[in-house]
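Working notes, beginning with the structure itself.
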Amino acid sequence: MARTEIRFAGFGGQGLLLAGIMMGTAATILDCKNAAQTQSYGTEARGGASQCNVVIDDEPITYVGVVNPDVFVCMSQEAYDKLIADVREKGLVFYDSDLVKIKELPKTRQIPIPATKTAIDSVGRKIVANMVILGSVIESTRILDADLMKKCIRDNVPKGTEEINLKAFDKGRELYREIAGKA
Amino acid sequence: MARTEIRFAGFGGQGLLLAGIMMGTAATILDCKNAAQTQSYGTEARGGASQCNVVIDDEPITYVGVVNPDVFVCMSQEAYDKLIADVREKGLVFYDSDLVKIKELPKTRQIPIPATKTAIDSVGRKIVANMVILGSVIESTRILDADLMKKCIRDNVPKGTEEINLKAFDKGRELYREIAGKA
Amino acid sequence: MLKQECSINKYFVQGDEAIAEGAIAAGCRYFAGYPITPASEISETIARRFPEVGGVAIQLEDELASIHSVGGASVAGMKAMTVSSGPGISLKLEGLGWGIKNELPYVVVDVQRAGPSNGVATRVGQGDLYTVKYGSAGGNNSIIAISPMNVQEAFDLTIDCFNLSEIFRTPVFLLTDETVGHTRELLVIPDARELKIVPRRKPTVPPSEFLMYPLNTPGTIDYPYPNIGEGYGICVSPYTHTAKGYATTSEKDHDKMATHLVRKVTDHLDRLTRVQEEMLDDAEYGIIAYGCEARPAMEAMKKARAEGIKVGFLRPIIIWPFPDEPIYRMACKVKKILVPELNRDGQLSREVQRAAKGRAEVYHLGSGGVETHQPVHVYDELMRIIKGK
Amino acid sequence: MLKQECSINKYFVQGDEAIAEGAIAAGCRYFAGYPITPASEISETIARRFPEVGGVAIQLEDELASIHSVGGASVAGMKAMTVSSGPGISLKLEGLGWGIKNELPYVVVDVQRAGPSNGVATRVGQGDLYTVKYGSAGGNNSIIAISPMNVQEAFDLTIDCFNLSEIFRTPVFLLTDETVGHTRELLVIPDARELKIVPRRKPTVPPSEFLMYPLNTPGTIDYPYPNIGEGYGICVSPYTHTAKGYATTSEKDHDKMATHLVRKVTDHLDRLTRVQEEMLDDAEYGIIAYGCEARPAMEAMKKARAEGIKVGFLRPIIIWPFPDEPIYRMACKVKKILVPELNRDGQLSREVQRAAKGRAEVYHLGSGGVETHQPVHVYDELMRIIKGK
Amino acid sequence: MVININRDFCKGCGFCITFCPKEIYERSGELNKKGYEPPKAARPEDCSECGMCDLYCPEFAIVLEKESA
Amino acid sequence: MVININRDFCKGCGFCITFCPKEIYERSGELNKKGYEPPKAARPEDCSECGMCDLYCPEFAIVLEKESA
Amino acid sequence: MKNQGGDLEKTIHPLAAKYLRQERMPHMACPGCGIGQVVHSTLIACDELALTPENTVWVQGVGCSSRITYTLWKGDNIDAHHGRIFAVATGLKLSRPDLNYICFTGDGDCMSIGGNHFLHACRRNLDVTAIMFNNGIYGMTGGQVAPTTPMGAMTTTTPYGNIEDPMDSVQVAMAAGASYVARWRSTDFRQVVSSIKKGIQTKGFSFIEVLTQCPTQFGRYVLKTGDPIKILQWYKDHTVTLKKAEKMTPEELKDKMLIGEFAHRTDRTGVVERYWDMIKKIQSERA
Amino acid sequence: MKNQGGDLEKTIHPLAAKYLRQERMPHMACPGCGIGQVVHSTLIACDELALTPENTVWVQGVGCSSRITYTLWKGDNIDAHHGRIFAVATGLKLSRPDLNYICFTGDGDCMSIGGNHFLHACRRNLDVTAIMFNNGIYGMTGGQVAPTTPMGAMTTTTPYGNIEDPMDSVQVAMAAGASYVARWRSTDFRQVVSSIKKGIQTKGFSFIEVLTQCPTQFGRYVLKTGDPIKILQWYKDHTVTLKKAEKMTPEELKDKMLIGEFAHRTDRTGVVERYWDMIKKIQSERA
Ligand SMILES: Cc1ncc(C[n+]2csc(CCOP(=O)(O)OP(=O)(O)O)c2C)c(N)n1
Ligand SMILES: Cc1ncc(C[n+]2csc(CCOP(=O)(O)OP(=O)(O)O)c2C)c(N)n1
Ligand code: SF4
Ligand code: SF4
Ligand code: SF4
Ligand code: SF4
Ligand code: SF4
Ligand code: SF4
Ligand SMILES: [Mg+2]
Ligand SMILES: [Mg+2]
C-alpha cells in the first residue's frame, strides 16, 4: 500500500482520536504496516476543535504529518469550513450529514454518513459515532482489513463496551454499503 | 608618578580595606591621580584572611589588579607567609612587628611598624592600627601628600572618630621617622 | 498504552510513553515532576508504571523541587529523572547547576514547545538548544544532550541518556519536542537481556582511600559514586570543591574543578559524537536538522534527489557536545547548507555556522513553531538557495 | 559611598554602586532584588537611595518574585530593575520569558561570579554569556546585553540599558562581573541635563485605535507602551498573543510574534553594534575580550606592541546582539585571534569563531575564574600562538 | 418576568433546569452551533423572580427582565 | 574537675567567663594564632561540675574531665 | 410574554455588557464549570462597589483561572506566569497603589508552584484581593493531583490514589498574616459577593477561596462523573459552615471542608501603604 | 589539678571526636555565634539516641547554617542550593527511607527562598528533622533583611527600618501540617536536645526553630552591638515561654517571641511511609 493520509476532524468528545489510534494500532501491530498518528486540539479543555491525523504506509514513514489528506472524516461544520480545502484532489470525504453542510466540490467524492444519529438509533450511545464512521471508512477504502480492525477494537476499547463499539462499527460498514449502492 | 601597586593584607576587622579606600579616594578625588582598589576575603564572615589592593598612577589604569606589589602592608603571619613572595624586587614591606615574624629577604626592605600596639598605647583603640600603618606608609613612600591624606581621613571616617584616626595616622608617620632614623 | 498483539513487545504509543518505558528499561527508579504540556504524559505513564516496578514517582510542588529532589535521589543511589517543557525547563536550570557541579548522574527530558514564555503550550517548537546547554549560569559545564526523531528513538535514546549520565557522572538531557512526544508510532521494546544498561559504579576502595571527585586526573570518566549510608562520608554542596568535596575558594582548586568538568566531555568526543548521515558522499548541497524537523528535511532531500539534485543530509543525534567534526567535514564537501528549525532566531544554524568555519554557506530556515515545516517548505527553500535567489 | 570633594560629582566607588547610581540617573524607580554576592551592594545602595528619590526598592522572597514583580512594575509604567548573580540569574530566566514575550522594558544586572552552582560566590567568573541570551527557554527572543569594563562604564552603560530597553521594549542585561562590580575607581556623574534619557513612550492614539503589540509591522521599535488604569485595556500574558494581546494558538499568529521579537533586534543592528577597537589598522594578531578581561588583555596588547608585535584589540560593548560584523572584519585582517575569558568551556571564543567564518584562527584562553587573567598570562599565550606552538 | 436565553452562550449544563425553584426550565431537545443543548423557559409565567437561574448560569446566558421594568 | 581549653579553637566570645555560675574563668590577656583571646580557668577548684561552660562554648573548646572519672 | 433568545442583542447580560469584552464571549470554560459563576459574583461585587474598568485591574495566574478570565475584563488584564501572580501583583500594586487589583488564581497556581509568593503576599499583607478557584485538581493540564486533592483520590498522576494530605490554604493564609480570609462554594453567591466586596474594601491581603466544581477533570477522575449537578451535590455533602462545625465532633468533621469567614483583621496595614508612607516621610525630612 | 590546653590532643571534645571531622575544626562561625551551640546540642541528641555517621545524614541549605555545618559531620553531608534543602531531602528520604536526616537551614533559606518547599515538606509530613537557625537576618551575605527580621529593624537593605511584619514560621509549620513543631533559644540546651531527639523519633516532619544569636550581622545592624553577651540578653528579654505567655496580656506579649513545644502529633504518617506501603501493596497484588 502506498502512503495514505487520513484526517479525522470535529469537536473534542466525539472520539475521533480513538478512531485514529485504532487505525494506527491495527496497521502496525496486527498488519505489520507502518503508521504514525498525530493530533491537535483547540484551547478548550472540553468541546472545541479536535483533529487526529493518521499516515499509513507499507514503507517506513519519514514525514509523519498530514498535509493533504486522501481521506477526510469530518464531524463538525467548523472543521469542514476550515479544512476542506486541504483535501487532496480525488480525495474522499466522509462527513456526518446531520452536523455538516457541504459545498459542491467537483473533483472530490463526499460521502454523507449520519454517524451520530446512527449511533444513537442503533445502540443508543452518541459516543460510538466514531466507530460508525470508522466502519464506513474501512468499508469504503479498505485501507485495513475489516476483521483485523474489529479485533483491534475488541482488544482496545474499555471493558464492557466491546459489543456496542463493534455493533456501531458494523453499522457504519452497512451504512456505507447502502449509500454506495445508492450512488 | 609611575604606576604604584600597594597591597594591604591581614585579618578581617583590622580596617585594611578602609586604609586602601582612603588612599584611592585621596588619589582620585583630591589629587587628580588615577586609582583602582580591589579586595578579597576568606569565607569567614568575621576574622579570616583579608586583602586590599590599590593601584595609583598618573596615567589611566588599564589593569586594576596587583600582582607584584611595590608596597606590601602586612598585618598577619598567614598573609606574610602566603604573599611575601609576590613582592616586587626592591619592594617595600611594612609589617606589624607584634603580629608578624619576617624572614630574611636580601633585596627587600622590611620595615617593622608596631601598629596594633601603637594604636592601643596612643589612643587606646586597637581598631585604628590601620591608620598607624597608613601613616608610616605615606611618610615613607610619599605616594600621596600627607596633608591631603589627612583631609581625606577627616572627611571620610565615621563622625566622632576623626581625631583618634588622625592622631593614629600622625603617630604612624612619627613611628616611621623614628625607625628610619634608627636605620 | 494500548494493548499489544502479535509480539508482546510491540506497542503503538506516543513518544512520551516511549520515554517513560525507556526510563524504566534503563533502571530509573526515581521520578519527580511537575505537570506541563506536552511532557505530562511522561509523568502520567510513570505514575502508573513505577509502583509496578518498585520505583518512586512523585509530583512535587514545582519544577525547582522536582529537579532538586532528583539530585537528592541521585546522591542516594537512584537512577533518577525529571521532565518538563518551556518555562518549566527555565525553572530547572538553577537546580541543574547543582547536578553539574556535583557530577550527579540523572536525566532531564525537555519536550520542547513553541515559546517564548508559555507560548503555544500544546504545540511544537525548537527554542531550547542553547538553554539546555548554557541556561544554568556559571559555565564550565559538562551537559550532554541527545535528541530523538521518532518514537522508537525516544525509547532507545532515553536509555542512552541514562547510560551516558552514569559514565560521565553528569546530568544528561533528552532534548525532544512536542511532535516526537505526541506522535504515536510503533514501539518495539527489546528483551531486557538485549539492552546494554550501565549500572551505577561503586567504589572498590575503602572510604579512607576514596576521593569524591577525580580532580587530580581531569577528564576522568567511568568514575564511581558511593552510596550514602556506607561510611564514604559523601560530600555534596553548591560550593567549589576539592577532590574530597570540601568547600574551597582557591583559584587553583576552582580551575581544577572547572577543567575537569569541561574535559570529561571534551576529552571523550569519540564516545560522544553521534550523527545520522544520508547521501553525503556525492552531495553538493546539504540539509542539517534535528528532532522533529529531521523528518520533513529528509523527505525534502528525497524529493530533490528524485529530481537529480545532489543533496545530502546530516542529523545530530547527540547534539551536545555539538558534532563539530562531522559538520566541518560536510561543510568541506558541499557548497551550501540549509538548516530548517522551529525558531526564528536561528539556533542550530548558528552552531552549524560556527562548526562550518566558513567552508560552506549556511542558511537558516526558521519558523516560530506550532507545526513542523512541511517537506515542501524545506524543498522550496533548498531550491531557492541553490538558485541563489 | 564615600564623601566627595573638589567636584560634587566625583566619587571613588565600586562598580556596584555606580550601577545603582546609573539606574537612578536613568529614571529607574522600581527595584526588587534578592541578596546575592557580588550583587548585593547594588541592592543595598538602592535601598538607601531610592526612598530619597521617590522610588520603590524592595527585597522579595526570592529571585523569581523579584523579576516577576519587576515585570509587573514595568507594566505599571515604572522603569524597573533587578540584579543577581550565578544561581540567582538561573532563577530569573523563567520570569525573563514573560518580559521578552510581552515586550516589557526593564533591566537585569548580572554580576558574574565563578560557577557553576554557587562556585566561588565572592569571586569573578564569566560563565553567563549564553545564559543571559538563551537561558530563558523557547527561543525567539530579543534580549540585548551590554558589558562594562570599569566603574565609569558601569554607570554610563546602565543608563544605556534603560534607554535601549525603552526603545526596543525588551528586557536588557547589564552583563558585568565581580571584578567590575567590586573594584573602586573614580566615578564622575554628569549633570542630569547632560544625560540622554529615553522616557517611556505613551500612545498618542485613543484606546480604540491602539494595538498592544506592533505585530503587523514586524521589527517596529520606538513603539509606545500605555499606562495601566487609563482605559487602554492592557493585555499581558504568558500566551502567544495577537496584536491586541489576546491569546492565540494559530501557527500564523505565533510566527508573527516570533518574527517580530527577533526582527526588532536584527533589523536594527546599526543601533545595536558597539565595540571598542584598538590598533586594528595594521594588526596581524588580535585579542578579543569583554568585561573585566578586557583590561589585562589591553595591557598585554600594549606589552606586545612595545616589542613591535602588531597586535590589535576588540571589545564587544554591546555583546548581544553579537557584533558579528566588526569581528568578521577583524578576522579578515588578522591571522590569529586570542580570546581570553574566565571560563573553561569557551563561550566568547565560540561566538568569535562563528563570526570569524574561518577567516582567522581563533584561540580560547580559559580559566575557571576567581581571578582575572594577569596581563602576562595573556601576553605569554599570545606569544605561544604567534609562534604556533 | 421576561426570560431571555442566549442560545449561543449556553453550554447545556442544566443548572437552570435543576436549580430553578419553580421548575420553569425544560430541555429543549435542540442543539446550538457548538453542539450544546440550551434549555427552554417552558413556564415563564410561574417565575417568582428569585434570580437563581441567572446566578447559577456560568455563561451569562440567562438575562431576566422584570416585566414591570 | 579538670578543665581543658583548646586555645586554638577558642574565639574569645567570653560566654564561659559570663555564664559559669562559679566564676571560674577569667580573661587571659594572651592572643592565640588567630588573634582571639582564650580564657583561663582561674579557679578550677571551685567548679561545681555543672557543665554549663562546655554547653555554652560554641567552639567545642572546653573539655571537662571529672577528676573521679 | 417575550421569549428566549431569538434576539441575540437582547440577551447580552447587563453585567457582561458593563464589564466584559463582548468579543471574548462566551468564555472558554467547560459546561457546568464553576469559574463562570465566580466571575458572575465578582462582577456583582464590582457593580455594587461601583468599580470601573479604569480603576480596577484583573490579574491572573496560569490554569483555567486565567484561561477563562484573561481578557474578559474590559479594563487591564495582567496574566502572570504560572504561580507568579502575587509576585507580579506586588510590582503592580507597589507601582500604582491607586488601582484595585482582583487576582484570579487556581489551587495549583496559588498553593503549589506559587506557594511561596502566596505566603509572602500574606505576610506583607499586600493590598490586593485574591480569589482562588479551588477545584481540587489541575484542570487545565489534564487532571493531575493538586495540593488540594483529597487523600485517596484518583488523578492522572495518582492512579493508585493520592497519598498526600491536602493543604488547608485558609489556615496557611491566616498563619502567614492575611487580613481577610474566607472560603465558600461557587454557588454560595451571596457570600462570595459579600466576601469579594469586603476583600476589596479591606486594607491588606484578602484571600477568598472558592470551591469551584470542575466536571471535566475533578468530576471525571476523582468523582467518576462528568455531571455538573452530581458534582455540586458532592460539594454540598463535603462542606460544613464554620458555625455548624462548632457543634460537630471531629469524627463528623472528617472529610468535610469548612466554609465561612475565617479572618477579618482591621488592625494592620500592609507593605504598600507603609512603603509610600516611608517615602513621604524621608522626602519631607530631606526637603 | 591539670590545666588548660597545653595538650591539644587532650582537648578534643569527646562529642566532636565521635562525630565531627577533626580536619574541619574549628568551624567557621564568628565568635559568639549561636550555631556552634546548636551543633553541640545536636550531637548530644545524636549521642543519646546512639545515632552513627553511617545511619545519619546531615543535610544543609545555603547560609551560615551550611557554611558552618557542611562537612563537619563524619558521615554524609549533602548541602543543597539556597532554599532547596527540603526538595533535596525529599529525594534523599524517598530513595533511602532507612536513614535519618538532620536538616540544617537558616531563616532565609527556609522561610524566604525556600518557603514553598518548607510548606510542602510540612504538608507531606516528610520524615526528616529540620533545625532552623533563626538569627533574624541574612548572616552570610552581609546583614540583609530576612522574613524573620523584627519590624522597624535596620539592616543593610532596610536602612530606614524594616516595614514588614516578620513571619511566624512555627504557625506556618503547624498550619501546613508538620508533626512536630518547637521553638527555643540556642542556649536552651536541655530543651533543644530534647526537641531534636523527639524530632528524630517522631514520624513525619519535625521542625525545630532555634533563635541563634548572630553578633556579626544581627548584632551589628539591628542591635548596634557586636557583643555576644548583650545579644543573648536581648533574646532573654524578647522571648517568653508558651506557659508564661498564657498568663500575659497581648500588650505584654507585643514584641515577644514565644518559645516552647507547639505541636507533637502522632496521629499521621507521612509521604515516605505511605509511598513505600503503596508500592508494597501494588507489587504484592501483582505478584
Ligand atoms: C512553570 C510552569 N509549570 C507548569 C505549567 C503547566 N501548567 C499550566 S496550568 C497548571 C496547573 C493548573 O492547576 P490549577 O492552578 O489548579 O488551575 P486549574 O486549571 O485547575 O484551574 C500547570 C501545571 C506552566 N504553565 N508553567
Ligand atoms: C539562589 C541563590 N540566591 C541567593 C543566594 C545568596 N545567599 C546565600 S546565603 C543567603 C541568605 C542567608 O540567610 P539565612 O538563610 O537566614 O542564613 P544565615 O546566613 O543568616 O544563617 C543568600 C541570600 C544564593 N546562594 N543562591
Ligand atoms: S428567576 Fe427564579 S423562579 Fe424565575 S426562572 Fe429564574 S430561578 Fe426560576
Ligand atoms: S445554566 Fe446557563 S449554560 Fe447551563 S443550561 Fe442553563 S442557560 Fe445553559
Ligand atoms: S562546669 Fe560549671 S562550674 Fe565548672 S567551670 Fe563549667 S560552668 Fe563553671
Ligand atoms: S566559650 Fe569557648 S570560645 Fe568562648 S571564650 Fe570560652 S572557650 Fe573561648
Ligand atoms: S477543566 Fe475544569 S476547571 Fe477547567 S474549565 Fe473545565 S471544568 Fe472548569
Ligand atoms: S554571620 Fe552571624 S550567623 Fe553567620 S556565622 Fe557569623 S555570627 Fe553566626
Ligand atoms: Mg485547580
Ligand atoms: Mg539568617
Side-chain angles (χ1 to χ4, degrees), chain C residues 86-87 89-91 93-94 96-98 100-102 110 114-123 125-131 133-141 238-240 249-251 254-259 261-262 343-345 347 350 353-354 356-359 367-371, chain D residues 86-87 89-91 93-94 96-98 100-102 110 114-123 125-131 133-141 238-240 249-251 254-259 261-262 343-345 347 350 353-354 356-359 367-371:
Chain C
I89 289 293
S90 297
L91 285 169
L93 296 171
E94 175 244 358
L96 189 67
W98 199 71
I100 292 168
K101 201 230 65 167
N102 292 311
D110 179 359
S117 192
N118 281 24
V120 180
T122 53
R123 308 307 304 280
Q126 288 184 316
D128 302 354
L129 182 63
Y130 289 110
T131 307
K133 174 72 177 169
Y134 291 109
S136 191
N140 298 324
N141 83 48
Y239 313 114
T240 292
T249 59
S250 110
E251 182 183 14
H254 184 71
D255 195 47
K256 251 176 142 176
M257 182 182 88
T259 302
L261 290 176
V262 171
N343 59 69
R344 279 278 172 201
D345 47 324
Q347 302 192 353
R350 308 176 97 245
Q353 192 185 29
R354 186 185 53 72
K357 292 191 187 164
R359 300 300 295 260
S367 141
V370 174
E371 306 279 357
Chain D
I89 289 293
S90 299
L91 285 169
L93 297 170
E94 176 244 357
L96 189 68
W98 199 70
I100 293 168
K101 203 230 63 167
N102 292 310
D110 179 0
S117 192
N118 281 23
V120 180
T122 53
R123 307 307 304 279
Q126 287 184 318
D128 302 353
L129 182 64
Y130 289 109
T131 306
K133 173 73 178 168
Y134 291 109
S136 192
N140 298 324
N141 82 47
Y239 313 116
T240 293
T249 60
S250 111
E251 182 184 14
H254 184 71
D255 196 44
K256 252 178 142 174
M257 183 182 87
T259 303
L261 291 176
V262 171
N343 59 70
R344 279 279 173 201
D345 47 326
Q347 301 192 354
R350 307 177 95 245
Q353 192 184 33
R354 184 184 54 72
K357 292 193 185 160
R359 300 300 294 261
S367 140
V370 175
E371 307 279 357

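Please read these numbers as outputs of a predicted model, since none were measured by experiment. Numbered from 1 within each chain, the chains take letters A, B, ... in sequence-line order.
Per-residue counts of heavy-atom pairs under 4.5 Å with chain D were compared for C:N102, C:T122, C:D128; the largest is that of C:D128. When each of D:S367, D:S250, D:A114 is scored by its heavy-atom pairs under 4.5 Å with chain C, the top score falls to D:A114. With chain D as partner, the option from C:G119, C:G358, C:A258, C:G135 having the largest number of non-hydrogen pairs under 4.5 angstrom is C:G119. Residue with the most contacts toward chain D among C:N140, C:V370, C:T240: C:N140 (heavy-atom pairs, distance under 4.5 Å). The most heavy-atom pairs under 4.5 Å with chain C, out of D:N343, D:L129, D:T259, come from D:T259. Each of D:P238, D:G125, D:A121 has some count of heavy-atom pairs under 4.5 Å with chain C, and the biggest count is that of D:P238. Your options are D:K133, D:K256, D:K101, D:E251, and the one with the most heavy-atom pairs under 4.5 Å with chain C is D:E251.
Note that the NE2 atom of D:H254 and the CZ atom of C:R344 stand 10.0 Å from one another [nearest 0.5 Å]. Here C:L96 contributes atom CG and D:S117 contributes atom OG; the two are 10.0 Å apart, rounded to the nearest 0.5 Å. Between atom OH of residue C:Y134 and atom OG1 of residue D:T131 there is a gap of 9.5 Å, rounded to the nearest 0.5 Å. Separation of atoms OG (C:S136) and CD1 (D:I89) is listed at 12.0 Å; rounding is to 0.5 Å.
With a threshold of 4.5 angstrom between heavy atoms, D:V262 approaches chain C through side-chain atoms but not through N, CA, C or O. Contact annotation for D:Q353: both backbone and side-chain heavy atoms come within less than 4.5 Å of a heavy atom of chain C. If you measure heavy-atom distances from C:L261 to chain D, the contacts under 4.5 Å come from the side chain alone.
Panel note: side chain D:S90, backbone C:A137; a donor-acceptor pair is recorded below 3.5 Å. With hydrogens and angles ignored, the 3.5 Å screen pairs a side-chain donor or acceptor of C:D255 with a backbone N or O of D:G368. Side-chain atoms of C:D345 do not come within 3.5 Å of backbone N or O of D:N141 as any donor-acceptor pair.
With sequence neighbours left out, the salt bridge (charged side-chain N to carboxylate O under 4.0 Å, His left out) criterion links D:E371 to D:R123. Taking C:R350 as the reference, D:E351 meet the salt bridge (charged side-chain N to carboxylate O under 4.0 Å, His left out) condition, with sequence neighbours excluded.
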